[in-house]
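Quick notes on the structure that follows.
Heavy atoms only: backbone and side chains are in, while hydrogens, waters and symmetry mates are out. Here is how names work: the chains are called A, B, and so on, in the same order as the sequence lines, proteins then strands, and each is numbered from 1. Treat the numbers as computed from the prediction; the structure is a model and nothing was measured.
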Amino acid sequence: MKLENGIDLDKIVPENELEEEIIADLKEGRSKEVVTRCPPEPSGYWYIGHAKAWTINFETAQKFGGRTVLRMDDSNPTKEEGEFADSYMADLEWLGFKPCKFVYASEEYFDEIYKIAEKMIQNGDAYVCDLSAEEVSASRGTLTEPGKESPYRNRTPEENLRLFREMRDGKYPDGSKTLRAKIDMAHPNINMRDPVMYKIARQHHYRVGDKWCIWPQYDFVHPMEDCLEGTTYSLCDKGFQDHRIVYEWFVQHGWGKKYAPKQREFSRIVLENVLTGKRYLKQLVKGGYVSGWDDPRFPTLVGVRRRGYTAKAIKDFVKSVGWGSTIEVVVPYSALEYYVREDLNRIATRAMVVLNPLKVVITNFNGKPEEIEIENNPNDESAGKHMALFGREIFIEQDDFSLNPPPKYNRLVEGGIVRLKGAYIIKCNKVIFAENGEIDHLECEYLPDTKSGNDTSGIKCKGTIHFVAKENCFEVTIREFKNLIKAEYKTPAKDLADGTPIEEMLEENSLQESTALAENFLKSAKPEDKFQFMRKGYYCVDKDSTPDHMIFNSTISLKDGFKSGK
RNA sequence: AGGGGUGUCGCCAAGCGGUAAGGCACAAGAUUUUGAUUCUUGCAUGCGUAGGUUCAAAUCCUGCCACCCCUGCCA
């Protein structure tokens, strides 16, 4: 069966129950197309968890040739700020999702929603209630007992309409009246006990200013917005599961048309050992524990982006977790890191950077430094090569030389040999000590017939290490990061709720700066450019970099398979 | 008079009456001028539990048990 947009339904392989349901709906005429929506509340920065909501909303629509609306769900004037709306657009673009349109619910739909409310009043489905917030709460009943009906519940539609218009016109003080849905105060689901549809609050709104003094509430406004923009599948997280029945009630009583949206829920991703939650992140920003919302240690999208994670890695990760069956699914951080490494391995240019330099003098090499070739990506020939230099004075990692090597150590030892990546095998003849007893430098000789790619010596050498030549390197700043939260706090949000002070959970010195020696070709790198510093890890250029002062963020280390003593 | 959910390997997760996919993690080997990547192999006589139906049950039925969410004029 073919859709109007040309998609052949019979060729689509459903990957979860929702997709099976969509196919059935489409085939049996319950819906005509797939329209989803992304409804963020602009009250904080987006973090990795949100990426799941968009990936699901955008990609299921895409799969069926549908579309996705980006809608700022800004019905609460006390919480929202314009600052955030802009950052969302950038995040979305970074992830590669294109909404078919972008609206502020407050501007686009509030007039219509108001009319729907009036219609519902006329139909006897809503009433103006004079109970205070405390009284409403007290009469709602409990988990096991029914609630009590409001004394104002049986006002006539005419009176309700007059009162509601007066509410809108500002005749009543904040909090003195609400518009409530007339559902069932004895309903076993508490969300059905006459939920509030509108409240009175004189608050300046960042988009619509002072146009309104009454504000529609989520349970009412959300389904209505979905209906108004033609959403067919309203995909949200399982936190809203027991609001589905309310959603359906409002769709029926407020909208009541043939093609109506369906709410379906997926599970939230919670990363182990990662602190999320606007409140807490804000606390860390304000307290100066991090440099800002885009600190590379932050789980915000702007943060991980600055850290060097790729959009593909995040989407692949989110998809690997799947739709989910519980409200939240706790996933170890390594599950995310796998996808980060996988993507970076594919795209990152290899470079030699010495993080802790040890000087080596090649005593039998004289004259001009020699050019050597380094592959930009051994797994991808099309990435090409770049030139490096080998010369009389070079630097290797301190770790790559040992006076007391542990078992299975394949790197340089006194009297031993090691291969220099892309260059020659060298032999360490002498260790020169400084007066303080530390190693000052090494004296080595190179074996001229062992040139990389051209080795005629037949010498086998267990280890290969990276290096930079004195003439081919410059100093750069490296920023290494530890997890913000100490490893023992697997679910920091819960620990916080249990009373553990945030300061106690924070890792000390989670940001460490050092200086390294990098190959000269790195001088032309631009912010967000990604590299693999061979044998070390993935790094990207930080936005604070200037041509005179390059800063690299450590994105993630390479896996280290070296197990000494085994 | 409670309602809504969920229980399959350490963590995710397929499975929809025909004899337990896959991924992460972990372990062992091979290849490697990155101790990376890649490759190969191993990793649930078991599906919360007790019964029942059936030639056959993770899948169907019944009863238990455990865990999560819900009493905002937040979303």
Side-chain angles (χ1 to χ4, degrees), chain A residues 15-17 20 39-41 43 73-76 78-80 129 131-134 136-138 140-147 174-180 186-193 195-201 214-215 217-219 221-222 236 238-245 265 267 269 272 317 320-332 334-339 341-342 345-346 350 352 374-375 377-379 408-411 418-423 425 450 452-453 455 461-466 532-538 557-564:
Chain A
E15 275 160 46
N16 51 244
E17 280 181 26
E20 285 170 10
E41 182 195 21
S43 64
D73 232 351
D74 53 358
S75 56
N76 185 351
T78 67
K79 277 172 74 179
E80 291 137 13
C129 178
L131 257 26
S132 69
E134 297 71 40
V136 168
S137 173
R140 185 159 11 243
T142 67
L143 295 178
T144 53
E145 292 162 302
D174 291 2
S176 61
K177 281 181 169 45
T178 55
L179 182 71
R180 292 229 259 163
H187 196 101
N189 183 324
I190 292 180
N191 300 125
M192 290 288 272
R193 321 241 258 230
V196 171
M197 293 167 63
Y198 270 92
K199 69 174 174 191
I200 306 175
I214 56 171
W215 303 94
Q217 300 300 290
Y218 174 85
D219 275 325
V221 77
H222 195 88
C236 57
K238 287 195 184 256
F240 294 100
Q241 225 160 191
D242 35 282
H243 288 257
R244 183 144 122 191
I245 187 171
E265 312 86 6
S267 54
I269 292 179
E272 234 172 45
F317 162 65
S320 79
V321 173
W323 185 264
S325 48
T326 50
I327 290 191
E328 56 186 40
V329 132
V330 181
V331 183
S334 60
L336 202 207
E337 292 187 316
Y338 171 83
Y339 292 95
R341 288 199 181 94
E342 182 185 64
N345 179 236
R346 233 183 75 235
R350 315 288 131 129
M352 296 200 287
I374 300 293
E375 292 172 296
N377 189 152
N379 307 129
K408 302 239 177 167
Y409 185 78
N410 317 346
R411 286 108 96 160
V418 80
R419 162 137 245 139
L420 256 22
K421 176 74 187 173
I425 292 177
T450 60
S452 189
D455 188 336
C461 165
K462 280 183 296 183
T464 301
I465 64 172
H466 60 102
Q532 184 198 88
F533 292 177
M534 274 188 280
R535 302 205 308 130
K536 287 295 168 189
Y538 296 98
S557 68
L558 249 30
K559 280 192 166 180
D560 186 0
F562 177 47
K563 291 172 199 77
S564 153

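- When Watson-Crick and G-U wobble pairs are counted only if both distances are under 3.5 Å, A13(B) pairs with no nucleotide at all.
- The closest side-chain donor-acceptor pair between Asn377(A) and Arg350(A) falls under 3.5 angstrom.
- Within the 4.0 angstrom heavy-atom criterion, no nucleotide atom of any strand lies near Tyr198(A).
- Using the Watson-Crick or G-U wobble rule with both distances under 3.5 Å, U32(B) pairs with nothing in any strand shown.
- Among the nucleotides G4(B), G3(B), U37(B), the one closest to the side chain of Gln241(A) is G4(B).
- Of the candidate nucleotides A1(B), C73(B), A36(B), C73(B) has the atom nearest to the side chain of Ala133(A).
- A search for side chain to side chain contact (heavy atoms under 4.5 Å, CB included) contacts involving Thr142(A) returns Thr144(A), Glu145(A), not counting sequence neighbours.
- Listed by chain and residue number, Asp455(A) satisfy the salt bridge (charged side-chain N to carboxylate O under 4.0 Å, His left out) test with Arg419(A) (two or more places apart in sequence, or in another chain).
- The cationic group of Arg180(A) does not satisfy the cation-pi geometry with Tyr198(A), failing either the under 6.0 Å distance to the six-membered ring centre or the 45° limit from the ring axis.
- Relative to the side chain of Asn189(A), the nucleotides U6(B), G3(B), G23(B) differ in distance, and G3(B) lies closest.
- Of all nucleotides listed (C74(B), G7(B), A25(B)), G7(B) comes nearest to the side chain of Ser325(A).
- Picking from A36(B), C74(B), C70(B) the nucleotide with the shortest atom distance to the side chain of Asn345(A) gives A36(B).
- Ion pairing of Arg244(A) with Glu265(A) is present here, as a side-chain N (NZ or NE/NH1/NH2) and a carboxylate O approach within less than 4.0 Å.
- The interatomic distance linking Tyr339(A) (OH) with C24(B) (P) rounds to 7 Å, in whole Å.
- Residue contacts shown for Gly537(A) are absent, as no nucleic acid heavy atom lies under 4.0 Å away.
- Comparing U34(B), C24(B), C73(B) by their closest approach to the side chain of Val136(A) singles out C73(B).
- With a cut-off of 3.5 Å on both Watson-Crick or G-U wobble distances, the partner of A27(B) is given as U41(B).
- Using Watson-Crick or G-U wobble geometry with both donor-acceptor distances under 3.5 Å, C64(B) finds its partner in G48(B).
- Comparing Thr144(A) and Ile190(A) against RNA chain B, the residue whose closest nucleotide sits nearer the 5' end is Thr144(A).
- Taking every side-chain heavy atom of Arg411(A) into account, G35(B) is the closest of A75(B), G35(B), A25(B).
- Rounded to an integer number of Å, the gap from Arg244(A) CZ to G4(B) C1' is 10 Å.
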